[in-house]
Amino acid sequence: MLLRLGLKNLRHNIFINLLIVIQMTVVFLITISMVSTVISRFQFYSPIKEYLNSKGYFYCIENAINPDTQQTLRSTEELYGLLDNAENITASYNDWLTYNGDNSKFISYDDEFINMFTPELESGKWFDLNKDQSDTVQVVVSENSYGFKVGDKITLDSFGNDINAEVIGILKKNTKIIGFSVSESKKYDCRNTFINYNYEIEEKPLFILSQRGLLDKNVTMQLSGTVFVTYPEDISDEIIEANNSTMKKMMTLNITPLDEMKENSMDYIFSQIYTLFPIMICIFVLTLVSAVSISALSAKNQLKNYAVYYICGLKWKQCAMINFYSSLISVVLSFIISIVAMFTVKLTGVMEETVIDFGIWQFISCMVIIMFYMILSVILPVSIIGKNTPNQILKSNG
């Protein structure tokens, strides 16, 4: 019965409630935008935070050469032999492979990188490291002119040696992958461990493989790109300096301490947040307070009806619940409209270059807003109607 009376209140105050719906829709859209901004700043920090919280270095190597043998550096096992007291080494590689004799780019990752970050996929899946690759290696490909589909069996070539492969995934257009990107400011942060791969710009497809699946194959490969090296906390500065000296002999383009990279990452994450949040919070608070105020005004306009309901047997708390249901319907409707509006705009491609998205944290934030709004929608009417008797209300409203 109270829900039915709440719906009746909505119909009788359609203009005010329409205004509430519009304002709360704006609140939800602002909330989603703010949370998306924060999350976007952490999306490249979170995957590598374990490294950034360790003692060590971030390197970028261009086709590493073993300084002792002058041969290509083929795996991290060889790098462990060149660096003293290294606790963990994770790297990426260039693989000298071709498909159909065409010019393509082939890279592979250590298991840690594969587990650490999954790029956005148009179709298929990321690597399954538990799957046997002794006969057929797994490969994820970018956009291409070959028309690959998930499940296609292809043959790769490494200087006359055939490698059987299966396409397990297709990358989304212009998606982020692990790779080294140059910093113009010379300050390296979490963003520099990722690059955008755009087939239209590169003009050649990208093939990503698992390094584990290639180690027992007759494939020419070379450690290249992003490399993380971590050390025990008690390692001496002399050993680290000697290791860095060794790394410089391997075509190393960049050497950055992980603690410095973490500090730069934190500066990047919070710089825009400090700038945007005061503005967004002001807009958010003003809009929310306005919506709650209008809700209180709606409750005040309903005092005569509440007095009649009271005389007919309802208690003041039940009258407040009528306003609660009216507010609940309005705010839920606002939430639905904001989600539909966001996804509709997203489907048009307008938001393709923005960070605005809707996930679990955006949902939780919106639920907190709904809870806060609903608490106020109960407290304000109770404080308004609780100060008056039914006779006083009826007399004042004639």
Side-chain angles (χ1 to χ4, degrees), residues 47-48 51 61-64 66 71-81 88-144 146 148-172 175-180 193-195 197 199 202 204-229:
I48 63 171
Y51 295 109
I61 301 177
E62 184 175 14
N63 297 328
N66 188 317
Q71 301 295 314
T72 59
L73 198 60
R74 193 170 185 265
S75 70
T76 52
E77 294 303 320
E78 296 178 51
L79 195 53
Y80 274 111
N88 180 269
I89 303 175
T90 306
S92 58
Y93 308 81
N94 274 341
D95 306 308
W96 304 109
L97 292 161
T98 60
Y99 173 74
N100 203 31
D102 292 340
N103 180 29
S104 302
K105 182 176 179 61
F106 289 81
I107 61 174
S108 56
Y109 297 134
D110 281 336
D111 289 358
E112 290 87 350
F113 277 161
I114 288 175
N115 287 325
M116 183 181 84
F117 182 76
T118 301
E120 292 184 289
L121 300 173
E122 190 68 43
S123 60
K125 60 181 181 180
W126 192 234
F127 294 95
D128 179 3
L129 295 177
N130 295 319
K131 187 174 182 179
D132 180 28
Q133 298 188 70
S134 57
D135 295 324
T136 304
V137 299
Q138 303 172 62
V139 59
V140 174
V141 300
S142 67
E143 285 184 290
N144 58 84
Y146 304 120
F148 288 138
K149 296 179 181 177
V150 174
D152 284 352
K153 301 293 175 60
I154 60 176
T155 301
L156 308 177
D157 176 76
S158 179
F159 300 104
N161 299 302
D162 288 344
I163 308 297
N164 296 321
E166 178 184 359
V167 177
I168 62 169
I170 309 293
L171 293 174
K172 273 191 176 180
T175 189
K176 291 280 188 183
I177 61 170
I178 293 175
F180 177 77
T193 59
F194 299 91
I195 58 172
Y197 196 87
Y199 173 67
E202 300 291 338
K204 56 185 177 182
L206 170 69
F207 293 72
I208 303 177
L209 301 100
S210 161
Q211 181 69 358
R212 175 194 292 193
L214 296 177
L215 285 175
D216 62 346
K217 310 293 189 303
N218 193 3
V219 177
T220 301
M221 63 188 78
Q222 201 164 12
L223 192 147
S224 182
T226 299
V227 180
F228 284 102
V229 178

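For the single chain, residues carry numbers from 1 onward in sequence order. Bear in mind the structure is a predicted one, so any value in this text is a computation, not a measurement.
- Q138 CD to K125 NZ: the interatomic distance, rounded to the nearest 0.5 Å, is 6.5 Å.
- Not counting sequence neighbours, the partners of K105 by the side chain to side chain contact (heavy atoms under 4.5 Å, CB included) test are N94, I107, Y197, K204, L206.
- Scanning all heavy atoms of the two residues, the minimum distance from G213 to D216 falls at O-OD1, 3.5 Å.
- Note: F148 CZ to I154 CD1 = 4.5 Å, rounded to the nearest 0.5 Å.
- No side-chain donor-acceptor contact under 3.5 Å links D110 to the backbone of E112.
- Counting only N and O atoms by type, the side chains of D162 and T155 include no donor and acceptor under 3.5 Å apart.
- Residues D135 and N164 are not in side-chain contact: their nearest non-hydrogen atoms beyond the backbone lie 4.5 Å or more apart.
- Contact between G179 and T226 at its shortest, heavy atoms only, is C-OG1, 3.3 Å.
- Put simply, OH on Y109 and CD1 on I208 are 4.5 Å apart, with the number rounded to the nearest 0.5 Å.
- Between the S92 side chain and the S224 main chain, a donor and an acceptor come within less than 3.5 Å of each other.
- In this structure Y93 satisfies the ring-ring contact (aromatic ring centres under 6.0 Å, His included) test with no other residue, sequence neighbours excluded.
- Distance CG/L79 to CZ/R74: 15.0 Å, rounded to 0.5 Å.
- Residues that satisfy the side chain to side chain contact (heavy atoms under 4.5 Å, CB included) test with K217, not counting sequence neighbours, are V137, I163, V219.
- Applying the salt bridge (charged side-chain N to carboxylate O under 4.0 Å, His left out) rule to E166 yields the partners K131; only residues at least two apart in sequence or on another chain are considered.
- Note that OG of S75 is 10.5 Å distant from OH of Y80, once rounded to the nearest 0.5 Å.
- Contact of the T72 side chain with the N63 side chain is not registered, since no non-hydrogen atoms from C-beta on lie closer than 4.5 Å.
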Run the side-chain donor-acceptor check on residues 116-123: report pairs under 3.5 Å with partners two or more places apart or on a different chain.
none

(request) Give the intermediate values and the outcome of side-chain contact (heavy atoms from CB on, under 4.5 Å) for residues T193 and F180. (result) CA-CA 5 Å; T193 59; F180 177 77; over 6 Å; no

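- Take D152 and apply the salt bridge (charged side-chain N to carboxylate O under 4.0 Å, His left out) test, not counting sequence neighbours, and it matches no residue.
- Proximity of L156 to L209: side-chain heavy atoms (C-beta onward) are separated by under 4.5 Å at one or more points.
- Note that the CD1 atom of I177 and the CD1 atom of I195 stand 4.0 Å from one another [nearest 0.5 Å].
- T98 is linked by a side chain to side chain contact (heavy atoms under 4.5 Å, CB included) to D157, counting only residues two or more places apart in sequence or in another chain.
- When the side chain to side chain contact (heavy atoms under 4.5 Å, CB included) test is applied to P205, the partners found at least two apart in sequence or on another chain are S104, S142, N144, Y146, Y199, F207.
- Side-chain contact between F106 and V139 is absent, with no heavy atoms from C-beta onward closer than 4.5 Å.
- Annotation: side chain to side chain donor-acceptor pair (under 3.5 Å) contacts of N161 (sequence neighbours excluded): N218.
- By the salt bridge (charged side-chain N to carboxylate O under 4.0 Å, His left out) test, R212 pairs with D111, sequence neighbours left out.
- Under the side chain to side chain donor-acceptor pair (under 3.5 Å) criterion, N88 pairs with T90, not counting sequence neighbours.
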(request) Report the C-alpha distance between V140 and I168 in whole Å, list the side-chain angles of each, state the deciding distance to 0.1 Å, and finish with yes or no for side-chain contact (heavy atoms from CB on, under 4.5 Å). (result) CA-CA 6 Å; V140 174; I168 62 169; 3.7 Å; yes

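- Residues satisfying the side chain to side chain donor-acceptor pair (under 3.5 Å) test with Q133, not counting sequence neighbours, are none.
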